[in-house]
Structure formats: C-alpha cells, structure tokens
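This report concerns only the one structure given below.
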2 protein chains.
Amino acid sequence: MARIVQKYGGTSVGDVERIKKVAERVKATRDEGNELVVVVSARAGVTNELIARAKAVCAEPSERELDQLLSIGEQETCALTAMALHGLGVKAVSYTGAQAGIFTDKVHTKARIQTIDAKPIENDLKQGRVVIVAGFQGINEEGNVTTLGRGASDLSAVALSAALKADKCEIYTDVDGVYTADPRVVKNARKLAELSYDEMLELASSGSKVMQSRSVEFAKKFGVVFEVRSSFNHNPGTIVKEEVAYMEKVVVRGVAVDKDQVKVIVSNIVDKPGSAAKVFRALADATVMVDMIVQNVGRHGVANLTFTVPQTDTQRAVKALEPVLAEVGGGQVAVHENIAKLSVVGVGMKSHSGVAATLFQSLAAANINIELITTSEIKISVVVDRDRVDEAARVAHAAFGLDTL
Amino acid sequence: MARIVQKYGGTSVGDVERIKKVAERVKATRDEGNELVVVVSARAGVTNELIARAKAVCAEPSERELDQLLSIGEQETCALTAMALHGLGVKAVSYTGAQAGIFTDKVHTKARIQTIDAKPIENDLKQGRVVIVAGFQGINEEGNVTTLGRGASDLSAVALSAALKADKCEIYTDVDGVYTADPRVVKNARKLAELSYDEMLELASSGSKVMQSRSVEFAKKFGVVFEVRSSFNHNPGTIVKEEVAYMEKVVVRGVAVDKDQVKVIVSNIVDKPGSAAKVFRALADATVMVDMIVQNVGRHGVANLTFTVPQTDTQRAVKALEPVLAEVGGGQVAVHENIAKLSVVGVGMKSHSGVAATLFQSLAAANINIELITTSEIKISVVVDRDRVDEAARVAHAAFGLDTL
C-alpha cells in the first residue's frame with residue numbers, strides 16, 4: 001500500500017465523460033489498496049470564461065473578488081469527481097482549498113501557501129475515503145478565498161504531497177511527459193524518462209508549458225519526486241527528481257521555444273550608476289516580467305539596455321518606461337515584436353564546454369541570425385527571428401544528438 | 001439612513017448585462033445614504049445545468065456533494081455583482097454563505113438556518129461597504145457547505161434581515177408583485193399593494209410561484225416586513241406584513257392555480273384505526289409531498305382515501321403504497337393525472353360566510369365540475385379538470401369582484 005497524490009489538469013476533467021474516465025483511473029489505483037488524494041483543476045476553458053465575465057462587469061476587477069469567482073471552477077470539478085467515484089462505488093469526499101486546510105498569505109490571485117493542516121485529509125484517508133481537493137486555491141487568515149496563480153493546481157498537488165508525506169505524486173496532463181523538444185515542431189523529439197528539477201525548471205521557464213515553474217521549485221525545495229504523465233493513455237511518463245549521477249553523461253536534455261516574447265530596446269540613456277536600476281525598478285513596479293537582459297555601454301557615456309518581456313506586458317512596459325526616461329535625462333524605447341526565444345537545457349552543460357559553440361555553429365550553418373544571448377548554469381538561450389525559430393529548434397535538436405539519443 | 005436588505009433572483013442576475021443593471025440599482029439605493037446588504041441567486045438556469053452535470057456523472061449524486069457543487073452558482077453571481085459595483089465606484093465585498101456566518105444544521109440540500117453571526121457583515125457596513133451575500137447556502141458545524149432548498153435565496157434575505165435588524169427587505173424578482181390571479185390567465189388580475197403573511201403563504205402553497213413558503217413562514221415568525229417587486233422596472237411592489245385591521249374589509253384577496261398536481265385514490269382499504277396513518281407515514285417516509293386529503297368511509301367497513309401529490313412524486317407515491325396495501329389487507333390505487341387545483345385566499349374569509357357558496361355557485365354556472373374540496377381558515381381549494389382550471393380561475397376572479405376591486 002502506498003499513499004499517492006494524483007493531479008488531473010483542465011483537459012483531463014474537461015467534461016463529464018472525461019471526469020468519469022478520471023474516476024475509473026482513480027478507482028483502479030484505489031483498488032490496488034493505495035491511499036489516494038486527487039487534486040483537480042477547473043474544466044478546460046472555465047477559468048477563461050469566468051475572467052471574461054468578470055471583465056464584462058468591471059474593467060479592472062478586484063483581485064479579492066476574482067479569487068472568490070475563479071475558485072468555483074475547481075469546486076465544480078472536485079464535487080463532480082467525488083460524485084463520479086460514488087457512481088463507481090468508491091468512498092470519496094470533495095474539499096475546497098479552505099476545507100482541505102490550505103492556508104495562504106493574503107496576496108490575492110498569486111497567494112503563497114503558508115501551511116497545510118493535513119488532519120482532515122488524514123482522517124478521511126484512515127476511513128478509507130478518496131479525498132478530492134480543488135486545486136489552485138486556498139484560504140487566508142481572514143477567511144477570504146485566495147488563488148495561487150494560473151497553473152497552480154500542480155502546486156496544490158506538490159504541496160499536499162509534501163504535507164501528507166505521499167509516496168508518489170502523479171501529475172496527469174494531456175501530454176505523455178516531458179520531451180526533448182515540442183513534438184509538433186521537432187518530429188524526432190523523444191520523451192525523457194527522467195529529468196532533474198533544475199532541468200525541468202529551465203525547460204518550464206523556456207516555454208515548455210508542461211508545468212508551472214513554481215510547482216517545480218516547491219517540489220525541489222521539499223524533495224517531492226513527481227511524475228508527469230498523460231490521463232489519456234497508460235504510457236509511463238517523465239519522472240522529475242534530484243539530479244543523479246548518471247545524468248552527467250548527457251549534455252543537453254532538451255530544446256525549448258518561447259514565441260510569447262517581444263524585445264524591448266532602451267537606447268541612448270545616460271550611463272551613470274542607477275540608470276539601469278531605475279529602469280528595472282519601474283518595470284517591476286508595473287509587474288512586467290522581464291526575462292533576458294543585455295546591456296551594452298555605447299560611446300559618449302550613453303548606454304543601451306535590451307531585454308525581453310511577455311507579449312501581453314508590452315504596453316505596460318512601454319508606459320512604465322516613459323517617466324523613467326524623463327527622470328534619467330532622455331533616451332528612446334523601441335519594441336521588436338517578431339522575435340522568439342530558443343533555449344537548450346541540460347545539467348551536463350555545467351561541466352562541458354562547447355555547448356554554446358555547437359549551438360551557434362548549427363544556427364549559423366542554417367543561416368539563422370542570433371539577436372541576443374543569455375546563459376545560465378544549465379541553459380543557453382538565444383533570441384532569433386520568430387519566423388525561423390521552429391527551424392532553429394530542429395537544427396539544434398539534431399546538433400545535440402537528441403534525435404537519436 | 002435606513003438599513004436595507006435586497007434580494008435579486010435568478011432572472012434579475014441572468015447575465016452580465018443584468019448584473020450591471022442590478023449594480024446600478026444598488027448604487028442608487030446606496031447613494032441615498034442607506035446601508036445595504038444584497039443577496040443574489042445563481043444566474044437563471046445555472047442550478048439546473050449543474051444538476052444535469054451531476055446526474056451525468058452519477059445516477060444518484062450524494063447530497064453533500066450536490067451542495068458543494070450547487071453553491072458555486074451563487075458564489076459566481078455574488079463575486080460578479082461586487083465587481084460590477086466596484087466598476088461604478090461603490091465599495092463592496094462578496095461573501096459566500098459560510099463567510100456571511102450563516103450556520104445551518106447538517107441536513108444537506110434542505111438545511112435549516114440555525115444562527116447567523118452578523119459581526120462580519122456589521123463590520124463591513126460600518127466601513128461603508130455594500131455586502132453581497134450568496135443566497136441559498138450556508139455552512140454546518142463540520143465545515144461542509146449546505147444549501148437551503150430550491151428558491152431559498154429568499155430565505156437567506158429574510159433571515160439576514162432579521163439578524164441585521166434591517167429596516168426594509170426587498171425581494172426583487174421578474175414580476176411586479178403579487179397579483180389577485182396569474183395575469184397570463186386572468187387578464188383583469190390586479191397587483192395587490194399589501195398582503196398578510198398568511199395570505200401570502202396560502203397563495204404560495206396554492207401555486208403562485210412568486211416566493212417560497214418557508215421564506216414567508218420565517219418572515220412571519222420573526223416579523224420581517226418585506227416587499228416583492230420587479231428588478232426590471234421601478235413600479236412599487238406588494239408589501240407583505242402582519243394582518244392589519246383594514247384588511248378585514250376585503251373577503252377574498254386572490255385566486256391561485258396549481259396545475260402541477262395529480263389525484264391519487266386509495267380505495268377499498270379496511271377501515272380500522274391506523275390504516276390512514278400507515279398510508280401517510282409511508283408517503284412521508286418516501287418524501288412525497290401530500291397536499292389535499294379527503295377520506296370517505298364507504299359501506300362494509302372499507303374506506304377510500306383521496307389526496308393530491310406533485311406530479312413529480314407520482315411514481316414514488318405509488319411505489320410507497322404497495323407494501324402498505326399488503327400490510328393493511330388489500331385495496332387499490334388509482335391515479336388521475338388530468339386535474340388541477342384552484343384556490344381562493346383571503347384573511348377576511350374567516351369572519352364571512354358565503355365564500356364557499358359563491359365559489360361553488362360560480363363554477364356550477366360555468367358547468368365546471370368539482371372533484372375535491374378542502375378548506376383552511378383563509379383558503380378554499382377545489383380540484384377541477386385541468387383543461388378547465390384557467391376558465392375556473394377567471395370565473396372565480398370575477399365572482400369575488402377582484403376584477404374591479
């Protein structure tokens with residue numbers, strides 16, 4: 001007997017037929033004698049529908065009320081999943097985030113989990129019940145409903161795994177696991193059997209939308225080993241855990257593409273201490289998510305700052321920069337929309353030279369121009385023309401031998 | 001400055017445009033300097049959609065899970081209404097039943113309110129906020145979500161009015177108030193300016209679907225005066241309160257029709273003490289709502305019991321009677337589907353003779369046959385052929401001078 005936390009995403013519980021399939025899968029796991037906690041997302045599309053309704057009644061809905069509203073999506077699926085299990089003769093009970101004892105801070109729409117009171121769930125497990133928990137949500141000390149940010153049902157599952165000392169955490173989604181590249185772009189992409197937290201993190205933040213970064217960070221922090229797998233078949237997925245020795249043999253584990261970025265160039269600002277700080281402080285205050293940053297000092301004591309931001313943040317970024325330019329004494333802002341980011345990721349990269357060279361060479365051979373470069377311990381990212389990034393992914397995938405590994 | 005509780009039903013908050021209209025009306029009341037608590041139902045149709053989804057995953061959904069599921073309908077509208085008020089610059093906060101401190105017993109799907117902790121709402125009102133409360137729901141001592149029964153958002157409003165010692169309670173719906181008869185059937189029907197609780201109760205239980213009986217009983221018990229009015233215009237509605245002296249002048253206040261009944265005849269059962277009790281105990285155990293009851297003792301020590309039940313309870317009633325007939329030693333059950341109930345209601349009836357005579361005479365003159373008769377202090381009900389009940393309503397409405405009153 002093991003204690004297992006399973007999480008089912010929005011497409012896995014997309015309609016009543018899918019919910020019944022999930023119930024069958026849960027029953028099968030339960031019938032093997034396991035204790036089971038199941039975290040569910042809202043039905044695919046529901047959260048966006050609710051946001052659209054909120055925007056229709058109020059241009060800028062309050063975050064407290066948004067949380068109150070959005071939490072109903074998961075409340076619906078958790079009740080329906082419990083009912084579907086009853087229909088199969090399985091004892092089950094559904095919990096909202098509040099009922100599951102998931103206490104968060106007061107930051108609405110992106111609350112952080114502070115504690116989980118596992119007693120109610122422990123009690124139900126002892127009595128042989130499957131516990132279905134509404135993902136993505138918690139409650140703060142004032143009794144207000146909070147949500148944990150888009151995609152944070154994964155976080156609910158990982159945090160519950162830690163709190164309940166689960167033996168396994170299974171993240172069910174609509175893909176088979178984590179691939180060396182997006183199979184829709186790179187047809188030779190292969191599923192990875194194992195991956196380290198850090199690699200998963202770099203892939204997540206590089207545009208692989210399999211899982212939310214925060215959930216992976218949380219899993220790393222609390223040592224929660226989890227498996228990403230599909231609820232649509234019974235194939236083994238990708239197990240994500242601490243880096244292990246044999247991983248060293250492999251240099252590059254995957255290639256990720258992010259087309260949701262634009263490049264912002266702030267040019268000709270006076271190069272004095274604090275100018276760059278003012279720019280990025282203003283962007284942070286406007287909650288613009290800045291990704292890649294490159295600074296060049298030009299001639300005549302002026303500097304150019306180049307960075308990328310998510311497409312949806314573009315207008316907010318430009319607006320936030322206006323007063324800064326006035327304050328630092330001039331400069332221009334330009335936005336290049338037609339770019340995308342390509343990243344190659346791998347723990348092995350730390351101890352191997354030549355990865356950057358291989359990447360740049362392969363792109364040059366395909367005549368693809370590189371506009372920006374940033375590197376981390378286990379990742380190299382480049383910005384290229386958006387129209388050529390899929391080709392760049394295929395070229396890089398082949399150059400690192402991922403097609404045949 | 002007054003303290004006002006307003007309740008908006010499902011059609012009043014049927015879509016985002018309607019919710020914005022409600023917000024405008026709430027703002028207008030707030031701008032007059034009033035303290036305001038607003039109770040909202042789910043958008044029209046949502047509760048039925050959720051029930052359909054529940055039945056699609058499980059033939060007999062658990063009531064605890066049904067409550068967990070159904071409560072999201074009101075949670076959605078209360079959050080959206082708060083947002084719409086924010087959009088108009090009005091300070092507002094939304095509460096689920098649990099957040100509003102509405103504590104109930106443990107009976108899921110038809111819980112009874114036990115206490116209301118008014119402190120959180122009082123606190124918000126003091127700070128100038130409009131408080132929007134999800135109707136129809138509460139929480140029990142175990143932290144489970146409960147619902148109060150279909151149509152019970154009215155009850156939430158009346159109970160909050162009592163707990164908050166509100167000066168006014170306004171029930172907004174899609175009709176202008178309570179009429180002397182259904183205006184779709186009786187074209188001369190007129191809106192009543194005032195009505196007593198008892199008259200409202202008899203009208204409600206006689207098929208006038210304006211308001212749920214339990215809410216009226218609760219209002220009577222706690223002396224909550226309320227007004228039924230339309231959210232689609234600004235016409236004055238019908239004020240419901242304790243019987244007042246001048247009401248005595250009027251004998252009959254209204255005519256109600258209920259087409260949702262069938263007649264069940266249990267014939268030839270042995271007429272000994274306890275037979276009837278066994279029949280109605282069995283029906284009660286099967287949660288069949290028995291309405292009119294007539295018993296005739298026939299010859300040879302056998303009795304006939306005739307009663308009416310809601311159409312939807314017919315099969316359950318017939319099934320519940322089978323073991324009883326076996327137990328009491330024989331008898332037959334027959335169901336007559338094609339019937340309807342016509343009621344005339346009025347507090348004045350108590351002290352006036354001749355009401356029954358007038359009713360029977362008017363129906364006889366129209367050649368409408370009466371199959372069953374029951375009377376209460378302030379009501380006479382008759383069962384007639386379903387196809388002729390609308391005509392019967394028009395005839396009775398005219399006979400009591402309601403056309404011209």
Side-chain angles (χ1 to χ4, degrees), chain A residues 13 15-20 22-23 42-43 46 49-50 52-89 91-96 98-101 120 132 134 139 142-145, chain B residues 13 15-20 22-23 42-43 46 49-50 52-89 91-96 98-101 120 132 134 139 142-145:
Chain A
V13 293
D15 56 38
V16 292
E17 289 314 313
R18 290 296 318 155
I19 290 172
K20 284 159 90 171
V22 164
R43 287 184 292 120
V46 164
E49 268 172 40
L50 291 173
R53 247 173 249 156
K55 299 227 157 147
V57 296
C58 180
E60 289 186 30
S62 103
E63 298 196 323
R64 191 250 181 217
E65 297 302 336
L66 261 183
D67 282 356
Q68 181 92 314
L69 181 69
L70 297 186
S71 64
I72 71 174
E74 285 74 17
Q75 189 170 336
E76 178 187 340
T77 43
C78 77
L80 289 174
T81 306
M83 290 175 191
L85 282 165
H86 295 165
L88 299 176
K91 283 163 70 180
V93 63
S94 79
Y95 277 163
T96 62
Q99 290 169 339
I132 320 292
I139 193 161
E142 288 169 353
N144 292 318
V145 176
Chain B
V13 293
D15 56 39
V16 292
E17 290 313 313
R18 290 294 319 152
I19 289 172
K20 284 159 89 170
V22 163
R43 287 184 291 119
V46 164
E49 269 172 39
L50 292 172
R53 246 172 251 157
K55 299 226 159 149
V57 296
C58 180
E60 290 186 31
S62 104
E63 298 195 322
R64 191 246 180 222
E65 297 300 337
L66 261 182
D67 283 355
Q68 180 93 312
L69 179 69
L70 296 186
S71 64
I72 71 174
E74 285 74 19
Q75 188 169 336
E76 178 188 340
T77 44
C78 77
L80 289 173
T81 306
M83 291 175 190
L85 282 165
H86 296 165
L88 299 175
K91 283 163 69 179
V93 62
S94 78
Y95 278 163
T96 62
Q99 290 168 338
I132 319 293
I139 193 161
E142 288 169 352
N144 292 316
V145 176

Item to complete: Please name the pair of heavy atoms, one in A:Cys58 and one in B:Ala84, separated by the smallest distance, quoted to 0.1 Å.
Response: CB-N, 4.5 Å

Taking side chain as everything from C-beta outward and backbone as N, CA, C, O, which of these in [X] sits under 4.5 Å from a heavy atom of chain A? Side chain, backbone, both or neither.
{"X": "B:Leu66", "result": "both"}
{"X": "B:Gln99", "result": "side chain"}
{"X": "B:Ala54", "result": "both"}
{"X": "B:Arg18", "result": "neither"}
{"X": "B:Ala92", "result": "backbone"}
{"X": "B:Leu80", "result": "both"}

Worksheet item: For chain B, which of A:Gly87, A:Gly143, A:Ala79, A:Ala98 has the most heavy-atom pairs under 4.5 Å?
Response: A:Ala79

Once you round to the nearest 0.5 Å, how far does [atom1] of [X] lie from [atom2] of [Y]?
{"X": "B:Gln75", "Y": "A:Ile72", "atom1": "CD", "atom2": "CD1", "result": "6.5 Å"}
{"X": "A:Ser62", "Y": "B:His86", "atom1": "OG", "atom2": "NE2", "result": "5.0 Å"}
{"X": "A:Arg53", "Y": "B:Met83", "atom1": "CZ", "atom2": "CE", "result": "11.5 Å"}
{"X": "A:Glu65", "Y": "B:Cys78", "atom1": "CD", "atom2": "SG", "result": "7.0 Å"}

Practice prompt. Answer with side chain, backbone, both or neither: which region of A:Ala56 has an atom nearer than 4.5 Å to a non-hydrogen atom of chain B?
Written response: both

Response to the item:
So, the part of A:Ile19 with a heavy atom under 4.5 Å from chain B: the answer is side chain

Discussion item. If you apply the rule side-chain contact (heavy atoms from CB on, under 4.5 Å), what do you find for A:Gln68 with B:Thr96, and how did you get there?
Written reply: CA-CA 9 Å; A:Gln68 181 92 314; B:Thr96 62; 3.9 Å; yes

Fill in: Top contributor to chain A contacts, counting heavy-atom pairs under 4.5 Å, from B:Glu60, B:Arg64, B:Lys20
B:Arg64

